[in-house]
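In this chain, numbering begins with 1 at the start of the sequence shown.
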Amino acid sequence: MINVSHVSRNFGSFRAVNDVSFSIPTGQIVGLLGPNGAGKTTTMRMITGFLAPSEGQIFIDDIDISKNPVEAKQKIGYMPESAQLYGEMIVEDYLKYIAQMQGENADEKVPALCEECGLKEVMDKNINELSRGNRQRVALAHALMHNPEILILDEPTSGLDPNQVEDVRNIIREIGKTRTVIISTHILSEVETLCSRVIIISSGKLVADSPTEELKERYGHELSIKMTVSKSNLKEIEKILSPINGIASIVSSDSDVTFANKETSGFLISISEKKEIRPEIVKKLVENNIDLYEMKILQNSLEDVFHTLTTEKKESKAEEQNNGK
């Protein structure tokens with residue numbers, strides 16, 4: 001079990017994490033989310049003992065990680081986004097070396113992890129020769145070597161192709177049956193697929209902590225529209241579409257659609273009312289000479305919730321600062 005109690009972390013005068021508290025019981029897969037610079041990576045580093053909190057306490061199975069770091073870290077496996085591996089070593093030799101460094105029986109642990117992480121076909125290859133997907137598997141085997149009760153994964157599928165992503169996700173599902181797993185990722189669909197619970201940090205503060213489905217019901221809108229148009233900025237689209245009744249918010253969304261090499265912009269429109277507004281949107285776009293390439297209805301998603309919570313947080317902070325002037 002992980003217990004984070006009123007934890008803050010300062011870097012000089014900047015407070016990266018501000019009074020964050022949550023508990024994670026054994027056997028739960030949790031998604032830790034936040035925009036870039038929100039404080040989620042700092043939070044993960046404090047949980048793993050890489051950074052000490054400026055305030056508050058972190059307990060790993062009732063062990064204070066600040067007071068008993070070695071004992072607490074023995075319960076944690078950590079795979080950073082860009083795991084540093086010894087590239088000139090053969091995979092099997094590398095894993096045996098890690099086993100020996102951690103006081104594990106290499107003859108027992110390496111074959112077991114080879115099976116668990118799907119490394120059979122690459123055990124005799126140099127790590128530098130591996131694809132990114134197989135390097136991620138080696139890093140995962142490294143993190144699991146001492147059989148930790150808690151596994152913390154930072155962007156575990158970053159840079160992988162779709163087949164590799166699915167393979168790594170299947171491994172995480174199996175691991176999550178017997179361990180506590182925290183996943184930090186920008187791929188929100190991954191969190192919806194894997195995680196039963198979501199924790200969202202924005203501007204250093206905890207803004208949401210709930211089971212995934214409950215979070216979507218509580219903060220999300222009933223429907224959203226994903227729209228791809230000719231190159232436009234958010235302020236321009238907001239000005240054009242905000243007069244339409246039923247639109248709750250509009251945020252920029254990465255567009256993965258290319259049309260005849262033309263530049264496009266993607267937007268996510270949250271709908272607050274049960275009404276058909278697509279004809280009105282098309283009409284407004286035509287009136288303003290903006291080409292529409294794609295429009296589709298999305299059911300309430302975690303992406304919608306994420307944008308709502310993190311955007312509202314920033315707007316609220318900006319408003320407080322303006323009122324204080």
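A distance-only check finds no donor-acceptor pair linking the side chain of Lys296 to the backbone of Lys226 [under 3.5 Å]. No donor-acceptor pair closer than 3.5 Å links the side chain of Lys96 to the backbone N or O of Ala106. Although no hydrogens or angles enter the test, the distance criterion places a donor-acceptor pair under 3.5 Å between the side chain of Arg9 and the main chain of Ala52. Asp61 places a side-chain N or O within 3.5 Å of a backbone atom of Met1 that can act as its donor or acceptor partner. Side chain of Thr26 to backbone of Thr180: no donor-acceptor contact under 3.5 angstrom is found. A donor-acceptor pair is defined here as one N or O able to donate and one able to accept, closer than 3.5 Å; no such pair exists between the side chain of Asp93 and the backbone of Met89.
The side chain to side chain donor-acceptor pair (under 3.5 Å) test with Asn147 is passed by exactly one of Arg179, Lys109, Gln102: Arg179.
When all heavy atoms are compared, the tightest approach of Met123 to Ile90 is O-CG2, 3.1 Å.
Here Asp161 does not pair with Arg132 in a salt bridge; the nearest charged N to carboxylate O distance is not below 4.0 Å. Salt bridge annotation for Glu214-Arg197: absent, with no cationic side-chain nitrogen under 4.0 angstrom from a carboxylate oxygen. Between Glu276 and Arg278, at least one side-chain N (NZ, or NE/NH1/NH2) sits under 4.0 Å from a carboxylate O, which counts as a salt bridge. Checked for salt-bridge contact, Glu92 and Lys125 miss the test: no charged N lies under 4.0 Å from a carboxylate O.
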Criterion side chain to side chain contact (heavy atoms under 4.5 Å, CB included) on Lys205 and Val20, from CA distance to verdict:
CA-CA 6 Å; Lys205 292 187 177 182; Val20 168; 5.6 Å; no
Side chain to side chain contact (heavy atoms under 4.5 Å, CB included) between Ile237 and Ile269, worked out
CA-CA 10 Å; Ile237 293 298; Ile269 303 170; 5.9 Å; no
Applying side chain to side chain donor-acceptor pair (under 3.5 Å) to Glu155 and His186, what does each step give before you reach the verdict?
CA-CA 7 Å; Glu155 301 288 351; His186 287 95; 2.6 Å; yes
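In the hydrophobic clustering of ILVMFWY residues, with side-chain heavy atoms under 4.5 Å counting as a link, Ile187 and Val30 come out apart. No path of Ile, Leu, Val, Met, Phe, Trp and Tyr side chains, each step under 4.5 Å between heavy atoms, connects Phe50 with Val70, placing them in separate hydrophobic clusters.
In this pair, Tyr97 and Tyr86 present their aromatic rings tilted. The plane angle is within the 30 to 60° band.
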